[in-house]
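Working notes for the structure below.
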2 protein chains.
Amino acid sequence: MQLTSIWRIVEVMKHALNQKPDYEKELRKAGVRITRPRRIIIDILTSTEDHPDAMKIFHRAIEIDDSISLSTVYRTMNLLEEMGAIHRHAFNGGPSRFEQAHGEHHDHLIDIDTGAVVEFKSDKIEKLQEEIAKSLGYDIVHHRLELYGRKTRHSS
Amino acid sequence: MQLTSIWRIVEVMKHALNQKPDYEKELRKAGVRITRPRRIIIDILTSTEDHPDAMKIFHRAIEIDDSISLSTVYRTMNLLEEMGAIHRHAFNGGPSRFEQAHGEHHDHLIDIDTGAVVEFKSDKIEKLQEEIAKSLGYDIVHHRLELYGRKTRHSS
DNA sequence: TTACCAGTTGAGAATCTTTGCAACTGACGT
DNA sequence: ACGTCAGTTGCAAAGATTCTCAACTGGTAA
């Protein structure tokens, strides 16, 4: 265990508790343990604006606690993704990049020219999905809707 | 070059030309060369009912022409996916599995317990997607809708 | 038919991601 | 506080996918 970074950890936890009061509750509700690596990784995700890949998250994490392993980063990303807490994007074969899901669920429109991601949400679509699943004998646990498009060109 | 399997190749090509008269035209139209590896891989995809992963496709391919490399299988899958000719599915971290896109576009409902895939299509949803994209200033090139669910349990 | 050349391939290295397993540690009950 | 144990972790190794680059080959034009 790294004792040298104890204060940074306290700092992080304090920060984390302010920014995302629900995550830990969500996690516990899902029967998931709140471990130190997870707390640190979640904090990194909630306090960043960019869409880091696993390696980047790993590097940021080991600055806070250098015992964290890359495996754990990956495992945590998968866990959070399944919970719907983050989204994973993979552009043209590069490594997956992750983004914190905002409180509300939303879908994505990806600009195939620039990779830009636009978030949107449609209750109508959600409702239709429910109906379809029901008619097929299923309950939806979660879903993924991604539109790939390019900016509309007018005239020309 | 494998000359030993020349007759199998002729067989394959004949077959291919019957089953999917459009693929090669589509490919050429997209400025893509029709090479022997691609022909063989496409034939494998069009003549199978299951959802093979890259390694399985590779093994089937080298039975016809043992000079084909795994790299080429992956490259071809990416190519076909971009063209919309096949769909890629990735269940719980396992390797990607591929499925020929049927003439008609369709979406997927994935059983999270068994991995079973149900195909469906909803004009309503398609239409809503168009509207949403339009209102965001985009034209949809393609999209992916995946519902993850589990069989509805009655009573109990 | 032949020559040409940009697109494609095979092989292996590099990169990205998951997994097996022994050691460790939260959460819960006492 | 303390013990317990299923859930987690770190590490190393395996597995999956992409990349690099020299050699090769379809399609085109002469």
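Throughout, a chain's letter reflects where its sequence line sits, starting with A, and its residues are numbered from 1.
- A/Asp139 and A/Lys134 are joined by a salt bridge, as a carboxylate oxygen and a charged side-chain nitrogen come within less than 4.0 angstrom of each other.
- Note on residues 40-83 of chain B: pairs passing ring-ring contact (aromatic ring centres under 6.0 Å, His included), not counting sequence neighbours, are B/His51-B/His89.
- Residues from residues 68-80 of chain B with heavy atoms under 4.0 angstrom of DNA chain C, sorted by number: B/Ile68, B/Ser69, B/Ser71, B/Thr72, B/Arg75.
- With rounding to whole Å, A/Phe98 atom CZ is found 12 Å from C/dC16 atom P.
- Of the possible polar contacts, one joining the A/Thr46 side chain to the A/Asp43 backbone as a donor-acceptor pair under 3.5 Å is found.
- Nearest heavy-atom pair, B/Gln100 versus B/Ile86, reported as atom, atom and distance to 0.1 Å: CA-CG2, 4.1 Å.
- Of the residues near DNA chain D, B/Gly94 and B/Thr35, the one whose nearest nucleotide (by heavy atom distance) lies more toward the 5' end is B/Gly94.
- The interatomic distance linking A/Asp53 (CG) with D/dT17 (P) rounds to 18 Å, in whole Å.
- At D/dT9, one or more side-chain N or O atoms of A/Arg38 fall inside 4.0 Å of OP1 or OP2 (strictly under the cut-off).
- Looking at B/Arg33, its side chain comes within 3.5 Å of the base of C/dA6 through a donor and an acceptor atom.
- Per the geometry, CE belonging to A/Met55 stands 13 Å off P belonging to C/dT18, to the nearest Å.
- If you measure from atom CD1 of A/Ile34 to atom P of C/dA27, you get 6 Å, rounded to the nearest angstrom.
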